Number of protein chains: 2
Amino acid sequence: MAKITTHRQGQARVTINDLAAELGLAKGTVSRALNGYSDIAEGTRLRVSRAAERMGYRPLAQAQAIRTGRARSLGLVLNAGRSDAHKPFLTDFLDGISRGASEESWTLTVATAEDEADEVTTMTRLIAERKVDGFILPRTKMVDARIRLCKSKDVPFILYGRTGDPEGCAWFDICGEDAMREAVLRLARFGHRRIGWIGGMQDYAYTNLRRGGFLAGLAEAGLDPDPAIMVDGVFTVEDGFNAGLRLLDMPEPPTAVVCALDLAALGLYRAAARAGRRVGRDLAVIAYDGIPEAALADPPLTTFAVDTRAAGRALAAMLIARIRGTPPEELRRVVPARLIPRSSDRLSILPPNLPPEPAHHPTTPV
Amino acid sequence: MAKITTHRQGQARVTINDLAAELGLAKGTVSRALNGYSDIAEGTRLRVSRAAERMGYRPLAQAQAIRTGRARSLGLVLNAGRSDAHKPFLTDFLDGISRGASEESWTLTVATAEDEADEVTTMTRLIAERKVDGFILPRTKMVDARIRLCKSKDVPFILYGRTGDPEGCAWFDICGEDAMREAVLRLARFGHRRIGWIGGMQDYAYTNLRRGGFLAGLAEAGLDPDPAIMVDGVFTVEDGFNAGLRLLDMPEPPTAVVCALDLAALGLYRAAARAGRRVGRDLAVIAYDGIPEAALADPPLTTFAVDTRAAGRALAAMLIARIRGTPPEELRRVVPARLIPRSSDRLSILPPNLPPEPAHHPTTPV
DNA sequence: ACCCTTGCCGAAACCGGTTTCGAGGCAAAG
DNA sequence: CTTTGCCTCGAAACCGGTTTCGGCAAGGGT
């Protein structure tokens with residue numbers, strides 16, 4: 001009987017020494033067999049892996065880590081400070097990451113921070129203790145302290161979003177700019193010629209992108225942008241409400257509004273009510289995010305949905321690849337958002353300056 | 001100059017060897033000094049800790065783990081399978097745990113599972129690889145496979161909630177039964193004598209507790225429970241809607257309803273509208289959870305709020321204590337929920353069988 | 001028959017810590 | 001002046017893995 005090393009009292013764990021003893025091999029040989037070194041005979045490799053299976057051997061993650069420098073753990077630092085818009089998606093996001101990590105037998109280490117400085121502090125600690133091998137950075141900003149930190153410490157990372165200086169960055173993102181562009185074209189097809197804009201927080205990278213997509217859509221539709229009906233810096237329903245009031249209070253208010261966030265649109269709903277207008281009747285709205293509340297709004301909000309779970313999974317897989325050495329330039333993916341056509345963008349009462357709606361196009365998903 | 005061991009190219013990490021060399025001490029001595037052994041002179045200890053501070057030495061978590069058997073990491077397995085009611089709280093919960101863990105320089109490892117069997121599988125993997133030292137088990141059931149697993153593998157755990165067999169269990173919980181009891185007494189004080197009940201999923205431990213609290217409240221108010229106006233097994237808004245319809249369709253419907261979940265109450269709102277009644281006018285409602293939507297409901301929902309962040313923090317601290325050896329019997333805490341009085345439980349139109357409301361008591365927080 | 005690869009594996013160093021054991025120094029006790 | 005004992009620290013084993021290095025045997029070429 002092989003000698004079993006006991007650790008906690010009563011708990012038996014099969015170590016590589018037990019395996020080696022059982023097989024009559026040196027433990028180094030067993031290790032190399034298990035890790036696919038080329039200097040191990042095929043028969044031996046088989047014998048080893050079978051015995052490992054049979055005895056239920058699982059290498060001790062930390063023991064490997066100390067030599068290889070790999071903890072097989074992905075880091076995620078959540079900013080719990082401000083009321084995050086990704087709150088409703090958090091479970092899906094975590095699920096996606098965790099699943100992507102599990103597939104490679106990696107794990108996910110989560111920490112929280114209350115502001116940007118705290119984020120950097122927390123990440124520094126995780127790096128110093130080598131608790132994680134790399135980071136997933138959600139909600140990237142145009143200039144992002146976390147990215148600078150990772151670069152300076154030479155620790156792998158992947159962005160969920162994009163950033164100002166792409167040098168050395170890998171990312172996965174949803175193509176918000178295409179969505180916004182498509183939103184404009186869709187509204188223009190419905191006859192709208194005065195299309196307003198409510199955009200997100202300035203420093204987030206996605207804000208610029210979506211704004212650019214909006215402008216590109218206008219240009220493509222042959223419409224001139226009017227700064228008077230464009231508001232930025234919105235982050236909450238409250239903000240959206242105020243922005244909506246501003247837009248609808250114009251001498252020549254928009255007949256349609258594109259919102260960079262569902263939350264902004266929800267605020268706009270209330271602003272419209274206050275201004276004596278009603279979304280889906282005489283004001284068309286298209287937004288972005290696909291939060292559950294959007295479906296329950298009255299009228300149901302046409303929006304672009306993001307598959308957060310899939311994003312998490314992709315991010316995990318890509319970060320692991322990055323850690324294993326794939327150059328960042330090969331790890332850049334941008335996938336389209338999916339339009340969910342509901343009724344907030346089809347008007348039942350046409351404003352005076354709108355022509356009758358053309359023949360009903362089948363809704364055009366990307 | 002001390003020799004610096006480089007690991008990744010270009011990256012310098014201060015190891016305990018560097019520290020020992022710099023100080024002219026044996027590395028074992030340095031280790032003992034840092035860990036507060038009694039056989040180190042006070043002066044030496046000071047000299048060591050100062051040097052560690054100055055050189056920015058942080059012990060490598062995994063290296064410690066391999067000898068001590070402590071990864072200094074807490075495990076949390078989320079069930080992403082069913083649409084979890086704790087979704088809105090997840091950020092707060094994670095924040096609380098993470099903060100509690102950070103205070104002791106521990107970290108949080110998160111994984112997800114899609115069902116109960118998957119939970120056990122995932123936990124088993126984390127245990128086998130010794131990635132975590134213990135688990136936080138949220139949403140405990142009366143008989144819970146996770147608890148059985150932890151007990152059989154002798155790995156520490158703490159419940160967020162309670163369970164059928166308390167033997168060997170540590171827990172932190174919110175006293176939902178007291179809240180439900182108080183809800184009944186409050187409604188009785190307002191004159192209600194027919195108080196309905198909508199309860200949660202049967203197998204969760206909290207459901208029994210809250211139900212018991214409801215019944216205790218009835219007894220204390222001198223009211224007889226009527227099974228006809230009690231519905232259980234509700235978990236979603238949809239369920240709540242159906243349960244509400246059943247209650248309000250009775251020949252002798254309740255004038256007030258206590259809900260074990262805010263979500264159920266939200267469904268009840270819609271059921272009331274369908275049945276030609278209106279919450280806050282001729283139907284009083286008190287619920288439990290304190291989700292954000294409750295404040296936005298029309299009328300705003302009176303409910304019991306749970307400080308999820310504080311719960312997370314307490315759970316982390318208690319689990320660490322458990323791992324360090326505190327017996328489970330000393331780690332059992334139940335704290336009260338906080339009543340948030342809003343307008344859903346004060347009627348503007350009294351049903352025929354209700355006496356006029358007595359003098360307005362100041363709302364009585366626990 | 002001899003040399004040179006090549007394939008395969010054992011032995012030992014190593015990773016960065018923790019813990020055990022024992023030795024030296026110094027003070028108090030005999 | 002020993003002896004005893006405590007305080008403090010060095011040396012080395014240890015934890016569970018990975019990786020380097022070298023040696024032995026078999027096989028191929030001349």
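As the structure is a prediction and not an experimental result, all values here were calculated from the model. Quick note on labels: first sequence line is chain A, next is B, and so on, each numbered from 1. Just so you know, these numbers use all the heavy atoms, side chains as well, and skip hydrogens, waters and symmetry mates.
The nearest heavy atom of DNA chain C to L60(B) and to L25(A) marks one nucleotide each, and the one closer to the 5' end goes with L25(A). DNA chain C is contacted by both E42(A) and G28(A); E42(A) maps to the nucleotide lying nearer its 5′ end (nearest heavy atom per residue). With the nearest nucleotide of DNA chain D identified for both T44(B) and A63(B), T44(B) has the one nearer the 5' end.
When the P atom of dG17(D) is taken as reference, atom CD of E129(B) falls 11 Å away, rounded to whole Å. Look at CZ on R70(A): it is 15 Å from C1' on dC15(C), rounded to the nearest Å. Protein atom CD1 of I66(B) is 12 Å distant from nucleotide atom P of dG16(C), rounded to whole Å. In this structure, CZ of R58(B) is placed 15 Å from C1' of dG17(C), rounded to the nearest angstrom. The nearest whole Å value for the distance from the CZ atom in R47(A) to the P atom in dC8(C) is 14 Å. Atom C1' of nucleotide dC8(C) and atom OH of Y37(A) are separated by 15 Å, given to the nearest angstrom. Atom CG of L34(A) and atom C1' of dG16(D) are 13 Å apart (whole Å). Note: CG (L19(A)) to P (dG17(D)) measures 9 Å, nearest angstrom.
Closest approach to the D39(B) side chain among dA13(D), dG17(D), dC9(D) is made by dC9(D) (side chain taken as heavy atoms from C-beta onward). Counting only heavy atoms from C-beta on, T68(A) has its side chain closest to dT18(D) among dT18(D), dG10(C), dA11(D). Closest approach to the T29(A) side chain among dT18(C), dA13(C), dC9(C) is made by dC9(C) (side chain taken as heavy atoms from C-beta onward). The side chain of I40(B) has dC9(D) as its nearest neighbour among dC9(D), dA11(C), dT18(D).
Side chains of L159(A) and D173(A) form no contact here, defined as non-hydrogen atoms less than 4.5 Å apart. You'll find the side chain of W171(A) stays beyond 4.5 Å of the side chain of Y160(A), heavy atoms only. Counting only heavy atoms from C-beta outward, the side chains of F93(A) and L315(A) approach each other to under 4.5 Å.
With hydrogens and angles ignored, a donor-acceptor pair closer than 3.5 Å exists between the side chain of R32(B) and the base of dT20(C).
Phosphate contact (OP1/OP2 of dG17(D), side-chain N/O of N17(A), threshold under 4.0 Å): absent.
A side-chain donor-acceptor contact under 3.5 Å links T124(B) to the backbone of V120(B). Between the side chain of D144(B) and the backbone N or O of K141(B), at least one donor-acceptor pair lies under 3.5 Å.
Nucleic acid contact for G43(B): none, since no nucleic acid atom lies under 4.0 Å from a heavy atom of the residue.
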